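See structure below.
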Amino acid sequence: MKSIQLGLSGNRFDDQYTFDLQGYITVHDFNSAMCLFNEAVRQHPPPGHKGVWCATLVSMWALAGVTIYTVWACLLAKESPVILLVIPVMVLLTTILWVWRYRYLQRVFQCSLFELCSRINATENIRGINYRLVKHGHHDMGHPHNAHQRLPLRWHASYASLWEWGWIPVVK
């Protein structure tokens with residue numbers, strides 16, 4: 001059985017037709033499948049680099065903390081230090097919101113590609129071609145609804161479309 005991995009880069013899968021595919025899938029079929037994959041990524045893009053998300057969150061914390069402290073120091077004349085408790089509460093709530101939003105976008109992205117792979121596999125398995133989504137090179141990623149399967153934590157997720165074939169060559 002042969003396979004190729006087409007990596008996700010810049011919110012697009014690598015759509016370069018390789019000679020390994022000759023005899024199993026035509027250029028037209030390859031391009032139409034890649035168009036479907038890239039359209040799914042365009043509609044539901046991955047959340048992006050975790051470093052950017054973390055930097056944005058820390059910047060928001062700093063800005064809100066300075067604002068709250070300035071309001072407390074200037075306007076309230078240090079009468080009520082209880083207002084400073086808003087800062088840790090705000091940090092906690094925004095962290096929870098930020099993590100939820102990142103995971104939500106990641107899950108929507110993965111679910112859309114799993115659904116696309118399932119739809120394509122429903123017809124392409126007859127020809128002996130199987131499509132899967134791969135994350136960090138792990139071939140047994142499972143469905144995103146399965147929370148028990150944990151992959152290593154990384155700053156940026158690297159996704160790829162794995163195409164496997166080898167049973168039935170295309171008849172020309």
Side-chain angles (χ1 to χ4, degrees), residues 1-58 60 92-172:
M1 177 183 277
K2 290 185 173 185
S3 67
I4 62 167
Q5 278 191 4
L6 304 169
L8 181 67
S9 177
N11 288 346
R12 286 186 56 83
F13 281 102
D14 180 20
D15 55 358
Q16 183 66 39
Y17 184 82
T18 65
F19 291 112
D20 292 336
L21 295 171
Q22 283 185 335
Y24 294 98
I25 187 170
T26 64
V27 175
H28 177 14
D29 291 340
F30 173 81
N31 287 334
S32 67
M34 288 312 302
C35 185
L36 289 172
F37 275 98
N38 287 328
E39 181 63 23
V41 172
R42 189 187 67 72
Q43 289 179 355
H44 303 286
H49 199 283
K50 287 180 188 171
V52 173
W53 281 73
C54 290
T56 305
L57 183 61
V58 169
M60 285 178 29
L92 180 66
L93 291 177
T94 55
T95 301
I96 291 169
L97 179 68
W98 225 243
V99 169
W100 172 81
R101 180 69 178 154
Y102 183 88
R103 288 186 177 176
Y104 173 78
L105 290 175
Q106 187 176 36
R107 184 174 171 174
V108 166
F109 166 73
Q110 290 176 359
C111 284
S112 70
L113 286 177
F114 273 111
E115 180 184 331
L116 176 64
C117 287
S118 295
R119 284 187 299 157
I120 294 175
N121 284 336
T123 58
E124 293 292 330
N125 278 344
I126 296 169
R127 291 184 9 190
I129 301 172
N130 185 38
Y131 299 85
R132 285 194 288 171
L133 178 66
V134 177
K135 182 178 179 182
H136 301 307
H138 292 273
H139 297 267
D140 296 325
M141 190 171 142
H143 198 274
H145 293 296
N146 300 339
H148 66 279
Q149 293 184 357
R150 293 287 177 211
L151 296 174
L153 294 175
R154 302 210 173 135
W155 278 104
H156 188 64
S158 59
Y159 293 99
S161 172
L162 178 69
W163 297 23
E164 299 173 324
W165 72 94
W167 296 290
I168 305 168
V170 173
V171 178
K172 292 184 180 181

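Since we're looking at a predicted model, the values are computed, not measured.
Under a 3.5 Å cut-off, the side chain of Asn38 and the backbone N or O of Phe13 do form a donor-acceptor pair. No donor-acceptor pair under 3.5 Å is formed between the side chain of Asp14 and the backbone N or O of Gly7. Put simply, the side chain of Asn121 gets close to the backbone of Cys117: a donor and an acceptor are under 3.5 Å apart.
Among all heavy-atom pairs drawn from Phe30 and Asp15, the shortest one is CE2-O, 3.4 Å. The nearest pair of heavy atoms linking Leu6 to Ile4 is CD2-CD1, 3.9 Å. Nearest heavy-atom pair, Ala40 versus Ser112, reported as atom, atom and distance to 0.1 Å: O-OG, 4.2 Å. Closest approach of Tyr159 to Gln110, counting heavy atoms only: OH-NE2, 2.8 Å.
With no hydrogens or angles considered, a side-chain donor-acceptor pair links Asp29 and Thr26 at under 3.5 Å.
In this pair, Trp53 and Trp98 present their aromatic rings perpendicular. The plane angle is above 60°, beyond the 30 to 60° band.
By the salt bridge (charged side-chain N to carboxylate O under 4.0 Å, His left out) test, Arg101 is found to be paired with no residue, residues two or more places apart in sequence or in another chain being considered.
Within the 4.5 Å cutoff, the side chain of Arg12 has no heavy atoms near those of the Arg42 side chain.
Salt-bridge annotation for Lys2 and Glu164: absent, with no side-chain N of the basic residue lying under 4.0 Å from a carboxylate O of the acidic one.
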